[in-house]
Amino acid sequence: MDISFKQMQESAAFIQSAGIDKPQVGIILGTGLGGLIKDITIQKEIDYADIPHFPVSTVESHKGKLIYGELAGKSVLAMSGRFHYYEGYSMQQITLPVRVMKLLGVQNLLISNAAGAVNLRYKKGTLMLLDDHINLLPENPLTGKNIDELGPRFPDMSQPFNKQLNELMLAAAKEEAVVLHQGVYASVPGPNLETRAEYRYIKSIGSDAVGMSTVPEVIVANHMGLPCIAVSVLTDECDPDNLHPVSLQEILDVAASAEKGLIKLFKRLVAQL
Ligand code: HPA
């Protein structure tokens, strides 16, 4: 489903009219990583269902609302619940909130997700800062007529994650004594986890982690010149030679156990923006 620039402006205007004024930082909270919301001094919440053109989140483990408030001295707009390709949404729907954030004035975008570790030196329960990505999704949010108001037809992707923000994140990790690996994230459509042969393949093409989100949002952020960073919580170790079945509950449990560290890093980064 295509979403026009006019529709994006309508979504933004609705959010603005609800009292959300010039958020500085956008935050997307990944699977099992909603705990950061407790640290936000909430000024306004809006259900996705109430926002014109917004899709409604279907996965039970994701709550679908925008949360506006203050975090570490900055005004933030956080997505509690994001949209995934496996839920059946179009790439335009998945990325609409990021485009709307930019229209609202957001200056930096912080993304989190849960991912499997294909780099076996990275243990489950640790964090990985995305240094680059590989798009293995079958569609791209920029397909179709370019929306010139947002960005160029052929956006550069030589540095998809903002270098300065990543350096701040690495420094924050040092100061907080939180293990923060760096690596390449590959995005797959899901919803099934990967086979042993697929993990082997994903590793062989240069990935350190694999997950079912983030890359569409990063592509549109780059298209619009919106600086972004992303951190994966590594929830399972994807060793093709010793692969154990993994349940959603295990993924959620590991994500929850690593959440504290992630929150510390996000708060420290937001304070410095
Ligand atoms: N594969 C894809 N997505 C994931 C994984 C995985 O192993 N773990 C958490 N999200």
Side-chain angles (χ1 to χ4, degrees), residues 28-36 57-63 79-89 91 94-95 110-139 141 160-161 179-219 229-263 265:
I28 303 177
L29 300 165
T31 304
L33 299 170
L36 179 70
S57 192
T58 62
V59 180
E60 258 181 62
S61 46
H62 294 266
K63 289 195 204 80
M79 289 180 69
S80 176
R82 65 138 63 89
F83 305 104
H84 299 87
Y85 188 69
Y86 61 75
E87 295 174 271
Y89 299 118
M91 284 292 168
I94 291 167
T95 53
L110 279 47
I111 304 174
S112 65
N113 63 47
V118 293
N119 181 336
L120 300 175
R121 286 179 289 129
Y122 297 176
K123 299 304 168 196
K124 72 175 174 185
T126 62
L127 305 175
M128 187 186 94
L129 180 65
L130 276 62
D131 174 50
D132 209 339
H133 75 225
I134 297 175
N135 186 10
L136 296 178
L137 292 164
E139 291 185 67
F161 301 96
V179 174
L180 183 63
H181 303 294
Q182 287 188 80
V184 177
Y185 172 95
S187 61
V188 291
N192 56 284
L193 297 179
E194 288 65 47
T195 65
R196 288 165 294 157
E198 286 165 344
Y199 283 132
R200 211 169 270 127
Y201 162 72
I202 288 164
K203 184 177 180 178
S204 76
I205 60 172
S207 322
D208 298 289
V210 57
M212 304 174 195
S213 68
T214 302
V215 168
E217 293 98 321
V218 172
I219 289 173
I229 64 144
V231 176
S232 291
V233 173
L234 303 174
T235 55
D236 49 307
E237 291 166 16
C238 311
D239 181 356
D241 299 317
N242 184 27
L243 193 60
H244 307 289
V246 187
S247 67
L248 173 65
Q249 194 54 50
E250 281 176 76
I251 288 176
L252 294 176
D253 289 347
V254 177
S257 74
E259 192 180 38
K260 261 202 189 114
L262 179 78
I263 290 173
L265 299 189

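Note that ligands are numbered from 1 as they come in the structure, with each ligand's atoms numbered from 1 the same way.
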Take the angle between the ring planes of Phe161 and His133 and call it parallel below 30°, perpendicular above 60°, tilted in between. perpendicular
Test of understanding: given a 4.0 Å heavy-atom threshold, classify the contact between Asp236 and ligand 1 as side chain, backbone, both, or neither.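 It is the side chain that gets close, since no backbone atom is under 4.0 Å.
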So for Cys238 against ligand 1, with non-hydrogen atoms under 4.0 Å, the contacting part is side chain
Do you know which two heavy atoms are closest between Ser207 and Val118, and how far apart they sit?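 Looking at all heavy atoms of both residues, the shortest contact is O-CG2, 3.2 Å.
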What is the minimum heavy-atom distance between Ile134 and Val215, and which atoms define it?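 The answer is O-CG2, 4.4 Å.
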Are the side chain of Ser112 and the backbone of Ile28 linked by a donor-acceptor contact shorter than 3.5 Å? yes
When you measure from the side chain of Glu237 to the backbone of Leu120, do you find a donor-acceptor pair of N or O atoms at a distance under 3.5 Å?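 Checked: no pair found.
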My understanding is that only one of Val218, Ile229, Val231 makes a side chain to side chain contact (heavy atoms under 4.5 Å, CB included) with Ile111; could you say which?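 The passing option is Val218.
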Considering only non-hydrogen protein atoms, determine which one is nearest to [atom] and report residue, atom name and distance to 0.1 Å.
atom                    : result
atom 5 (C) of ligand 1  : Gly116 N, 3.4 Å
atom 4 (C) of ligand 1  : Val210 O, 3.7 Å
atom 9 (C) of ligand 1  : Thr235 OG1, 3.2 Å
atom 7 (O) of ligand 1  : Tyr199 OH, 2.7 Å
atom 10 (N) of ligand 1 : Ala114 O, 3.5 Å

Going by the atom numbers of ligand 1, which of them fall below 4.0 Å from some non-hydrogen atom of Met212? 2 (C), 3 (N)
I would like to know whether Asp208 and Arg121 meet salt bridge (Lys or Arg N to Asp or Glu O under 4.0 Å); could you show each step before the answer? CA-CA 9 Å; Asp208 298 289; Arg121 286 179 289 129; 5.6 Å; no
If you compare Glu250, Glu194, Glu198, Glu237 by their heavy atoms, the one closest to atom 2 (C) of ligand 1 turns out to be Glu194
